[in-house]
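Some notes on the structure that comes next.
Reminder, nothing fancy here: chain letters follow the sequence lines and each chain counts from 1. Scope of the values below: all heavy atoms of this structure, side chains included, with no hydrogens, waters or symmetry mates.
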Amino acid sequence: MKIGILAVQGAFIEHQKMLEDSGADCVLLRKKSDITNDIDGLVLPGGESTVQGKLLRELDMYEVLKDKIKNGLPVLATCAGLILLSEELSNDPNTYFATLPVITKRNAYGRQLGSFKKIANLNEIGGFEMVFIRAPYIEAVKSTDVKVLAVIDDYIVAVRYKNQLALTFHPELGEDNRVHRYFLDMVHNS
Amino acid sequence: MANTQYELNKGLAQMLKGGVIMDVTTPEQAKIAEKAGACAVMALERIPADIRAAGGVSRMSDPKMIKGIQEAVSIPVMAKCRIGHFAEAQILEAIEIDYIDESEVLSPADDVYHIDKRKFKVPFVCGARDLGEALRRINEGASMIRTKGEPGTGDIVQAVRHMRKMNEEIARITSLREDELYEAAKSLQVPYDLVLYVHENGKLPVVNFAAGGVATPADASLMMQLGAEGVFVGSGIFKSGDPAKRAAAIVKAVTNYTDAKLIAELSEDLGEAMVGINKQEIKLIMEERGK
C-alpha cells in the first residue's frame, strides 16, 4: 500500500513515521511529478493552510489532487489539511479543495495560548488523546452523509464523509497510531 | 509550566516546519509576507540590518505595533524580547503572542541569566551556535531552536558554521558509548537527560530552524540541505529590491530545497538582494550575546 503525503509545508514527517510504523509505504509529494497514479491514499498534514494552499496552486498540484479526491482517493486530513478540504470557511473567504461539505472556523480557539489537549471519544476508534494546536473546529455540516466522529464542547472535531477522514486535531503527534491504522483500513477497503 | 503546555508548544513548532518565518515591521509588511507564503511572521520595530545601522540600545517592540500585526494576519505572530528580560516576555505573553524569540538581535538585558522559560505558558524560540547552547536553552524551557547566524548581514557563513557544528556534535553524541554520556553532559554543561535524548534519537528534542544571514533562495536551500527544518528570514526580504517576489521564491525554495532546476528558475529576476556586510566589516557581533 502506497500513501502520498502532501509535503509542501508542515508536520508531514510525523505522518510518514506513523504510517510506516503501521506497515505502509509513503511518498512525499512536493511537486506535481511526485503525484503518481499508484498512490492508494493521501494525507493532508497539519501546518499553515494559507501556505499549503498557495503552494498547492503554484507547484501545479491542486487540480490533479482535487480530481483524485473527487474520484474517491481515500484522504486523511488533520488540522490545516481539514481546512484545505472544507467547502466553506466561516472566517476566511478563501477555499481550497472544497470537497468536504462542512463549514469550518479557522483558529477557532484563538492563539497559541488557546491550544489544548483532551481525551475524548472518537467514534469507531474509542477514547483518544486529542492535541489541538491553533486548531479549527467544524461549525456545521452541510450534508447528512457527513458522519460526525467526535465532538468537544459542542463543536465537531472529527468527521468522515465517504473517502475523506478529517480531524481538527493531530493524531500524528504522540505514539498512538490507531487513527492511522483506521485510515489504512479505509484505504484497504476502498 | 505544565508538561502539557510544553508539548503543545513543541507541537506548534512542528507545524511551522518546512516553512519560512519572516521579519516584519508593519501590518502592511505582514500582509505581504503572509501573501507570499510565510508560515509565521516576526514582529519587530526595526529589522536587524537597521538595528546595526542605528546603533544604541534595541528593545522589545511597542505592543500596539505588535497588536496591529496580529490583527492584520491569520498566521502565527512571533515577537522578540531581550535576552534575560523576563518582564518584556511577560508583556508579550499578556498580549497573547504565539511565540517569543529571546533574541541576541536586541541588546541583552542580563549578561548572566537567560529567562526561565518554564515559568511561561507561551512558547519560546532561542538562538544557538552549538549543541551545548541549544540544550541549555531547551533546559530553560525553549520549545524551538534556531541557529544564531549573524543577523542583519546577509552573510550566510555564520549560520552555516552553527548548523554544521550542531550536526557534528549530535553525530558525536550518537556515536558515544552510554557510559560516556555523563562526561559529555559535563563538558557540554547540560543535563544528562537531554544528552541521553540526543544519543538515542540523533536529533534535538525540539525543532531546529536556520536563521541569520539568509538572503536568497539558494541560501535557504543550502540551510535546508544542511538539516534545518525551516528558515527565518530577517533583513533579507524587506531590504531587497522586490520583497514580495523574493519572499515567495524563498518559500518555494524551502519546500523543494533539493530541486536545483526549480531553484534556478526561482532565482531569476529577483531584483537586487540586500547589499550585505561581512563579519570582518562589522563591530557589533550579535552571535556572541548569550552563551
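Side-chain polar atoms of B:Gln14 and A:Glu14 form a donor-acceptor pair below 3.5 angstrom.
Counting only distance, with no hydrogens or angles, the side chain of B:Asp101 and the backbone of B:Met78 share no donor-acceptor pair below 3.5 Å. Looking only at distances, a side-chain donor or acceptor of A:Ser115 sits under 3.5 Å from a matching main-chain atom of A:Arg134.
Taking B:Gln70, B:Glu34, B:Glu93 one by one and counting their heavy-atom pairs under 4.5 Å with chain A, the maximum is reached by B:Gln70. Chain B forms the most heavy-atom pairs under 4.5 Å with one residue out of A:Leu173, A:Ile13, A:Val131, and that residue is A:Leu173.
Under the 6.0 Å distance and 45° angle rule, B:Arg146 does not count as a cation-pi partner of B:Phe209.
Looking at B:Lys10, neither its backbone nor its side chain comes within 4.5 Å of chain A, counting heavy atoms on both sides. Looking at B:Ala40, there are no atoms closer than 4.5 Å to chain A (heavy atoms on both sides), in backbone or side chain. For A:Ala7, the part lying near chain B is the backbone, with the side chain staying farther off; criterion is any non-hydrogen pair under 4.5 Å. Heavy atoms closer than 4.5 Å to chain A are found nowhere in B:Glu229, neither backbone nor side chain. Using a 4.5 Å cut-off between heavy atoms, A:Glu172 contacts chain B through its side chain alone, with no backbone atom that close. For a residue to count as touching a neighbouring chain, one of its non-hydrogen atoms must lie under 4.5 Å from one of that chain's; by this rule A:Arg30 touches chain B with backbone and side chain alike.
Interatomic distance, CD of B:Gln5 versus OG of B:Ser143, reported as 9.0 Å (0.5 Å rounding).
B:Arg137 has a carboxylate O that lies under 4.0 Å from a charged side-chain N of B:Glu140, or vice versa, which qualifies the two as a salt bridge.
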